[in-house]
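What follows is a short report on a single structure.
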Amino acid sequence: MADPLQSSKRLPVLYSFRRCPYAIRARIAINQSNKAVELREVVLRDKPNHMTQLSPKATVPVLWLEDGNVIDESLEVMAWAANYSNWTSLPLNMGERDVVSRNDTAFKSHLDRYKYPNRYPNTNALDHREAALDILRGIEATLNNNWLGGHQPTFTDIAILPFIRQFRGVDAQWFDNLEDIPKTISWTNRFLDWEGFKSVMIKYPQWRPGDSIITFGISSL
Ligand SMILES: N[C@@H](CCC(=O)N[C@@H](CS)C(=O)NCC(=O)O)C(=O)O
């Protein structure tokens, strides 16, 4: 007979989408922590009912904790994961908070308009590329080491690099040959080569109710 204590225990569940930069940063933070979660891969045009019941705003990532609480903002998922490890220090200082919030507002807005100009009326993609690049020039001026805070990736690196990866991906050849942001180019490529990034980009099939559990996180290894 199943042990009732055992069977009532479950892992936190993470609804995620492989290519989403918000979900990527959440997965990296979890993978750097000592927590394992059950990963449920979402297809955005066919979201699971359970996910939208938990979080009616229906964006990924959504983390459903063991106690039933829901975290549906990626920065908060990162902060939750950071509680279970010492890979980064929180709270962010004022400079770090500025960098993350500029990424999530202005940079993300320019990125979307550069990447998908047809979705926005009267939009010139290259104007938005230039505006996003200007934000990267600001980061360039602060990059003195391999990562923003020194020799290890910090919360801020992980929070913003998935978006810079997307920006690069629109035209990687153009990005990799920019002459005025050499440190940013190396930093971005360092991220793409980093095991902490590569290991969260494994492909999983769309999750459906009843599927067997996919455990995700370093402690599951
Ligand atoms: N503020 C949210 C934003 C998350 C978000 O916008 N995720 C996108 C995918 S990258 C999404 O789920 N969009 C809903 C959709 O496309 O239906 C967070 O940080 O978690």
Side-chain angles (χ1 to χ4, degrees), residues 12-33 35 37-65 68-84 88 90-92 96-120 123 125 128 132 135 148 153-170 188 191-192 196-198 200-208 214 216-217:
V13 170
L14 182 74
Y15 286 99
S16 176
F17 170 51
R18 180 178 173 273
R19 287 186 293 117
C20 166
Y22 300 99
I24 292 174
R25 68 187 181 185
R27 292 199 305 275
I28 295 176
I30 291 169
N31 209 33
Q32 295 296 310
S33 82
K35 275 293 213 184
V37 297
E38 175 187 343
L39 188 95
R40 296 184 179 173
E41 180 69 17
V42 170
V43 171
L44 291 177
R45 69 187 130 69
D46 184 21
K47 292 170 190 154
N49 290 336
H50 181 243
M51 178 189 129
T52 54
Q53 279 158 12
L54 291 173
S55 175
K57 73 175 167 172
T59 61
V60 287
V62 174
L63 181 65
W64 181 41
L65 296 174
N69 280 326
V70 174
I71 307 179
D72 61 4
E73 278 296 321
S74 54
L75 292 174
E76 289 169 21
V77 175
M78 290 183 70
W80 171 84
N83 260 326
Y84 293 98
T88 192
L90 284 176
L92 301 182
E96 291 170 323
R97 278 209 304 274
D98 278 354
V99 171
V100 173
S101 100
R102 195 168 308 118
N103 174 79
D104 283 24
T105 54
F107 188 80
K108 168 70 172 145
S109 162
H110 293 307
L111 167 64
D112 287 346
R113 285 158 181 78
Y114 167 40
K115 194 170 164 153
Y116 309 108
N118 299 340
R119 293 187 192 169
Y120 302 90
T123 290
H128 290 283
I135 294 173
L148 287 170
T154 62
F155 189 100
T156 313
D157 292 281
I158 291 167
I160 71 174
L161 276 161
F163 297 83
I164 299 171
R165 164 184 180 265
Q166 263 197 352
F167 180 70
R168 174 184 181 274
V170 180
T188 307
F191 174 67
L192 299 177
F197 166 69
K198 288 197 284 194
V200 308
M201 295 305 285
I202 294 168
K203 288 189 178 160
Y204 295 105
Q206 176 181 12
W207 174 82
R208 293 185 189 284
I214 292 173
F216 171 89

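Index from 1, following the sequence. Counting starts at 1 for both ligands and their atoms, in listed order.
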Requested in this report: State whether Asp104 and Arg25 are salt-bridged, where the test is any N-O pair (Lys NZ or Arg NE/NH1/NH2 against Asp/Glu carboxylate O) under 4.0 Å.
Outcome: yes

Query raised in the report: Polar-atom distance check: Lys57 versus ligand 1, any N or O pair below 3.5 Å?
Result: no

Report task. Identify, for atom 5 (C) of ligand 1, the protein heavy atom at the shortest distance, and state residue, atom and that distance. Result -> Tyr22 CD1, 3.4 Å

Query raised in the report: Between Asp112 and Arg119, is there a side-chain N and carboxylate O pair less than 4.0 Å apart?
Result: no

Query raised in the report: Any nitrogen or oxygen of Thr59, main chain or side chain, under 3.5 Å from a nitrogen or oxygen of ligand 1?
Result: no

Query raised in the report: Tell me: protein heavy atom nearest atom 16 (O) of ligand 1, and distance?
Result: Leu44 CD1, 3.7 Å

Report task. Classify the side-chain pair His128/Tyr120 by whether it contains a donor and acceptor separated by less than 3.5 Å. Result -> no

Query raised in the report: Within the distance-only criterion (no hydrogens, no angle test), does the side chain of Arg27 pair as donor or acceptor with the backbone N or O of Val200 below 3.5 angstrom?
Result: yes

Query raised in the report: Any idea how Phe163 and Tyr22 line up, ring-wise: parallel (<30°), tilted (30 to 60°), or perpendicular (>60°)?
Result: perpendicular

Query raised in the report: Which residue supplies the protein heavy atom nearest to atom 19 (O) of ligand 1, what is that atom called, and how far is it?
Result: Ser74 OG, 2.6 Å

Query raised in the report: Counting only heavy atoms, which portion of Ala58 has something under 4.0 Å from ligand 1: side chain, backbone, both, or neither?
Result: backbone

Requested in this report: Please indicate whether any nitrogen or oxygen in Pro61 is less than 3.5 Å from any nitrogen or oxygen in ligand 1.
Outcome: no

Query raised in the report: Tell me: protein heavy atom nearest atom 7 (N) of ligand 1, and distance?
Result: Val60 O, 3.1 Å

Report task. Would you mind checking which non-hydrogen protein atom is closest to atom 2 (C) of ligand 1, with the distance to 0.1 Å? Result -> Glu73 OE1, 3.6 Å

Requested in this report: Would you check, one step at a time, whether the test side-chain contact (heavy atoms from CB on, under 4.5 Å) holds for Thr188 with Phe167?
Outcome: CA-CA 10 Å; Thr188 307; Phe167 180 70; over 6 Å; no

**Report entry** Per-atom contacts, ligand 1 versus Cys20 - under 4.0 Å to a heavy atom
**Finding:** 7 (N), 9 (C), 10 (S)

Query raised in the report: Is there a side-chain contact between Leu14 and Arg40 (heavy atoms, below 4.5 Å)?
Result: no

**Report entry** Contact with ligand 1 for Lys47, non-hydrogen, under 4.0 angstrom
**Finding:** yes

Query raised in the report: Side-chain donor-acceptor pair under 3.5 Å between Arg97 and Ser101, yes or no?
Result: no

